[in-house]
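First up is the structure itself, then whatever we jot down about it.
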Amino acid sequence: MIAKQTPLTKQMLSKLLQTSSSKPKHLKKIHALVLTSGLSVKNSLLTQLLENLILVGDMCHARKVFDEMHKPRVFLWNTLFKGYVKNKLPFESVTLYKKMRDLDVRPDEFTYPFVVKAVSQLGVCLSGFAFHAHVVKHGFETLGIVVTELVMMYMKFGELRSAQCLFESMQGKDLVAWNAFIAVCVQTGNSGLALECYHKMCADAAVEFDSFTVVSMLSACGQLGSLEIGKEIYDRARKEGIDCNVIVENARLDMYVKCGSTEDARVLFEEMEQRNVVSWSTMIVGYAMNGDSDEALALFSRMQNEGLRPNYVTFLGVLSACSHAGLVDEGKRYFSIMARSSDKNLEPRKEHYACMVDLLGRSGLLEEAYEFIKKMPVEPDAGIWGALLGACVVHRDVKLGQKVADLLVETAPDIGAYQVLLSNIYAAAGKWDCVDRLRSKMRKLGTKKVAAYSSVEFDGKLHYFNRGDKSHQQTKAIYEKLEEVLKKIRNMGYVPQTGSVFHDVETEEKESSLSHHSEKLAIAFGLINGRGEDPIRVVKNLRTCEDCHVFAKFVSKLTSRDIIMRDKNRFHHFRNGDCSCREFW
DNA sequence: CTAGGGTTAG
């Protein structure tokens, strides 16, 4: 640094800034020097300081420097907006925008991409509409980049109609605009829409897809459980010479795993020339989800032997593998590895605590799980209480279950799933009056119920079924097949599980009947249409019920066909009358 | 001088 006696010159400052661009401490000292030097420092020098501060993420100091500037031009405002977006400080961004308008500084075409993104991060839908109005007022509503940003914002707010409208009205969409829309569809769980959009994009002669498109689409196929379509898209990408980097291959790994094909994933993983933490984590999590705890833990130790550093996602996979296999001591050991680690990134997060509660609870150690929550250094959230509640259902612990449910209603009163769980506990205990009371309470509060559905992929298309669905072309054949199978498995000893503890409230509605659950229809469809040795792959949007679980076991034995069912939480691989989940849901 | 898109977990 500079000796105190030496008078500071602008040249020296400039030099200093260039040589110490990434050291936060130096930047603060330089700023102090500037302030005490008495020099009238030009904005250009301060700009450099500002940019360096943003680079190291010190937005507080950056703002101070900005405020000292004399009539900053628009691009400097934009620089600060950029910094706020990068450092995820949307509130500051919006406040700055207000100040900008108060001072009558005119936003330019570069302002809105940052500001709209900030509003998107802020998550306040009404502000979103207001900023859209500003965009229009300043005449930027036809600027592709701004519109793309607005479209993403609306999607993230769940304003699907607005987003779609805006996107469709966009003239001359370029590659990035298409990719952005497809990506945000997948991110918001609208993979079906992403698929539609992909087809439209392919039909548009003006653009050609690239590796970004492929990644999003593989991710979409994973979400939808469409192995065939996913493979098709990847093959096409290879043919068209698209660069299949490690991110593309990771997305493919994930797609295989989410379609229940750990074998495809394993082969690919071994073939991959380049692997990163995401590749390893995807595999470990994938094995855990698919009920292959041994493979998950083996891969983790291989990772350690190779000297690779796991991250917090890797540990989520490891803990969930332990939970699935009932390995309480191992789980505790892995958890303590995290807790003891000097790596700040490996500090156990809420999700890890939830995993531990799940592990203890599933193994029947309900009291220990409850004590664990009370001793946690973090505030328990709905996910953590939910894990304990789930364990109470499995082990039929009405007393603790009620206590936990009460706490949950405080934490997350609007989540219907927890109330369904509570009603399951009551049902298991035969407390039907409590079930009735809870149900009428839910009706009064208007708790949202999600409609159940299942899907099966056949012939490159997805076939959807609701409960008691009669809209499918092959309806007659499906129901006949279902009757035939039911009759046969009854002879094998199948008894419908009508008093199931996993019975959803909604499934008890009068007009419905157990035997027409969406997953049963999907399986029947798979039996009619599936080819030879191929497993039947079913995706269910909610957790499957106990009766369908038993049903699938019998069908796998009866027909000698594998059934791979992905429900909301995990996979069930049914083979020869058994399920990979070992009754651990 | 500045601007929009991608992978694990939730």
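Numbered from 1 within each chain, the chains take letters A, B, ... in sequence-line order.
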How close or far is atom [atom2] of [N] from atom [atom1] of [X], stated in whole angstroms?
X      : N      : atom1 : atom2 : answer
A/W280 : B/dA9  : CH2   : P     : 18 Å
A/M303 : B/dT8  : CE    : C1'   : 11 Å
A/L299 : B/dT8  : CG    : C1'   : 13 Å
A/E249 : B/dT8  : CD    : P     : 15 Å
A/L218 : B/dT7  : CG    : P     : 11 Å
A/M152 : B/dA3  : CE    : C1'   : 13 Å
A/Q121 : B/dG4  : CD    : C1'   : 14 Å
A/L319 : B/dG10 : CG    : C1'   : 15 Å

Of the options [options], whose atoms approach the side-chain atoms of [X] most closely?
X      : options              : result
A/S211 : B/dG6, B/dT2, B/dT8  : B/dG6
A/I247 : B/dT7, B/dG4, B/dT2  : B/dT7
A/T148 : B/dG10, B/dG4, B/dT2 : B/dG4
A/F75  : B/dG6, B/dC1, B/dA3  : B/dC1
A/N245 : B/dG6, B/dG4, B/dT7  : B/dG6
A/S281 : B/dT8, B/dA9, B/dG6  : B/dT8
A/Q187 : B/dG4, B/dT7, B/dA3  : B/dT7
A/Y312 : B/dA3, B/dG4, B/dA9  : B/dA9
A/K82  : B/dG4, B/dT2, B/dA9  : B/dT2
A/L143 : B/dT7, B/dA3, B/dG4  : B/dA3

Looking for any heavy atom pair under 4.0 Å, which part of the strands does [X] touch: base, sugar-phosphate only, or nothing?
X      : result
A/K350 : nothing
A/D254 : sugar-phosphate
A/A354 : nothing
A/K258 : sugar-phosphate
A/V285 : sugar-phosphate
A/V147 : nothing

Would you confirm whether the ring centroid of [Y] sits within less than 6.0 angstrom of the ring centroid of [X]?
X      : Y      : result
A/F335 : A/F315 : no
A/Y154 : A/F129 : yes
A/F269 : A/W280 : yes

Any donor-acceptor pair under 3.5 Å between the side chain of A/S216 and the base of B/dG6? no

Under-3.5 Å donor-acceptor pair between A/D210 side chain and B/dG6 base: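 It does not, because no donor-acceptor pair links the side chain of A/D210 to the base of B/dG6 below 3.5 Å.
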
Determine, for [X] against [Y], whether the closest basic-nitrogen to carboxylate-oxygen distance falls under 4.0 angstrom.
X      : Y      : result
A/R252 : A/E249 : yes
A/D67  : A/R63  : yes
A/E232 : A/R236 : no

For A/F212 and B/dG6, do the ring centres fall under 5.5 Å apart while the planes stay under 30° apart?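 So yes, this residue stacks on that base, both cut-offs being met.
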
Short side-chain donor-acceptor distance under 3.5 Å, A/D343 and A/S341: no

